[in-house]
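Worksheet: one structure, shown below.
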Amino acid sequence: MISIIAPCYNEQDVLYDFYQTVTKVMKENQYSYEIVFVNDGSRDQTLSILKELGEKDRRVQYISFSRNFGKESAMLAGLSYSKGDAVIIMDTDLQHPPSMIPRMVEAFQNGSDQVIAKRNRAGESKSRSWVSSLYYKLINRFVDVQLEDGVGDFRLLSRKAVDSLLSLSEYNRFSKGLFSWIGYKQEIIEYENVSRHAGDSKWSFFSLLNYGIDGIISFNNKPLRLAIYSGIAVMIADVFYILWMLVKTLLYGVDVPGYFTLISAILLLGGIQLIALGVIGEYIGRIYYETKKRPHYIVADDNYTQVSQSTKKIQKVLS
Ligand code: UDP
Ligand code: MG
């Protein structure tokens, strides 16, 4: 069986289209399947549409969060509720073309544990694709796992890969990195980039920036290293400068107006210190969140007949 996992956040405008397109593809290829919708605290009609679909079609399962927990949590929920031998994660805005499914399944049947759909960046603004490709160059230099440009969450995972992903219980999840971290036999297939069908992208400039920082920080401690290196570099420069000043003072005496050098030293060092402090703080923040051991999401509603043990527990705590 194949499980389609579709996180949705305020997707009332495309949900029907998505459901119909996916259903058509799955029926045409005579797959046995389920669609697991995860409603990530939408404030529009998403949930009622899901309820309706669930009543009409027993292959439609939905999980509804008590608030917006973010796409990472939604994907995690979908993965842990899914029952298929293979799982396909897709956006509901039809930017991940369902027509790719047969090729992905074929690659899975040929023995791949992760089939990654990679998009080209056609139709995207120049500046955005430029920033993205720069980011990936940078991140691959900094991070232990290799990330590829244009590769998103659209992928098929075998049951083995899903179980491995679920065994990583960290609170700060950066899926792109996690997918790469678990390894297994991978295959990449390309598709044409599609613009969003309806509704708006949930990414603002700042959320992208934050996502980028997450990507660098959540995978290793190289930024801490960098802070140490820049500290050492500045210190060496300092030592030479002080020596030079000392010799100069001994030979020519003190010249009082040192305002420029003074202020530049203060500013430069201050800047480096603030950055280093920020980096350290970022890690401590993460440790703080990890130690709380909070669940990744809270399920308020679903149409599963047997509610999983952990969900029951959470519900008991909440009531
Ligand atoms: N999404 C979600 N929770 C969020 C934000 C987004 O579940 O907090 C879902 C959204 O419904 C969509 C997918 O994640 O199915 C991708 O979101 P979006 O299209 O906004 O991102 P983009 O395609 O612009 O990267
Ligand atoms: Mg999208």
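Remember, it's 1-based here, ligands and their atoms both numbered in the order they're listed.
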Inset, instruction - Could you list the residues that satisfy side chain to side chain donor-acceptor pair (under 3.5 Å) with Gln273, not counting sequence neighbours? - result: none
Inset, instruction - Would you mind running through ligand 1 and noting each atom that sits below 4.0 Å from a heavy atom of Asp40? - result: 2 (C), 3 (N), 4 (C), 7 (O), 8 (O)
Inset, instruction - Answer yes or no for Arg67 and Phe65: cation-pi contact, defined as NZ/CZ to six-membered ring centre under 6.0 Å and angle to ring axis within 45°. - result: no
Inset, instruction - Write out all pairs satisfying side-chain hydrogen bond (donor to acceptor under 3.5 Å, both in side chains) with one or both partners inside residues 30-40, taking only residues at least two apart or from two chains. - result: Ser3-Glu34, Asn39-Ser42, Asn39-Ser64, Asp40-Asn68
Legend entry - Spatial distance of atom CD1 (Ile5) from atom CD1 (Ile35) [nearest 0.5 Å]: 12.0 Å
Inset, instruction - Please name the pair of heavy atoms, one in Asp44 and one in Glu11, separated by the smallest distance, quoted to 0.1 Å. - result: OD2-N, 3.4 Å
Inset, instruction - Under 4.0 Å from a heavy atom of Glu11: give me the atoms of ligand 1 that qualify, with their elements. - result: 10 (C), 11 (O), 12 (C), 15 (O)
Inset, instruction - Just jot down the ligand 1 atoms closer than 4.0 angstrom to any heavy atom of Gly70, in number order. - result: 3 (N), 8 (O)
Legend entry - Proximity to ligand 1 by part of Asn68, non-hydrogen separation under 4.0 Å: side chain
Inset, instruction - Check all N, O or S atoms of Asp93 and name the one closest to the Mg ion (ligand 2). - result: OD2
Inset, instruction - Indicate whether any N or O donor in one side chain lies under 3.5 Å from an N or O acceptor in the other, for Ser175 and Glu72. - result: yes
Inset, instruction - Enumerate the atoms of ligand 1 whose separation from the nearest heavy atom of Asp91 is less than 4.0 angstrom. - result: 13 (C), 15 (O), 16 (C), 23 (O)
Legend entry - Min N/O separation Pro7 to ligand 1 under 3.5 Å: yes
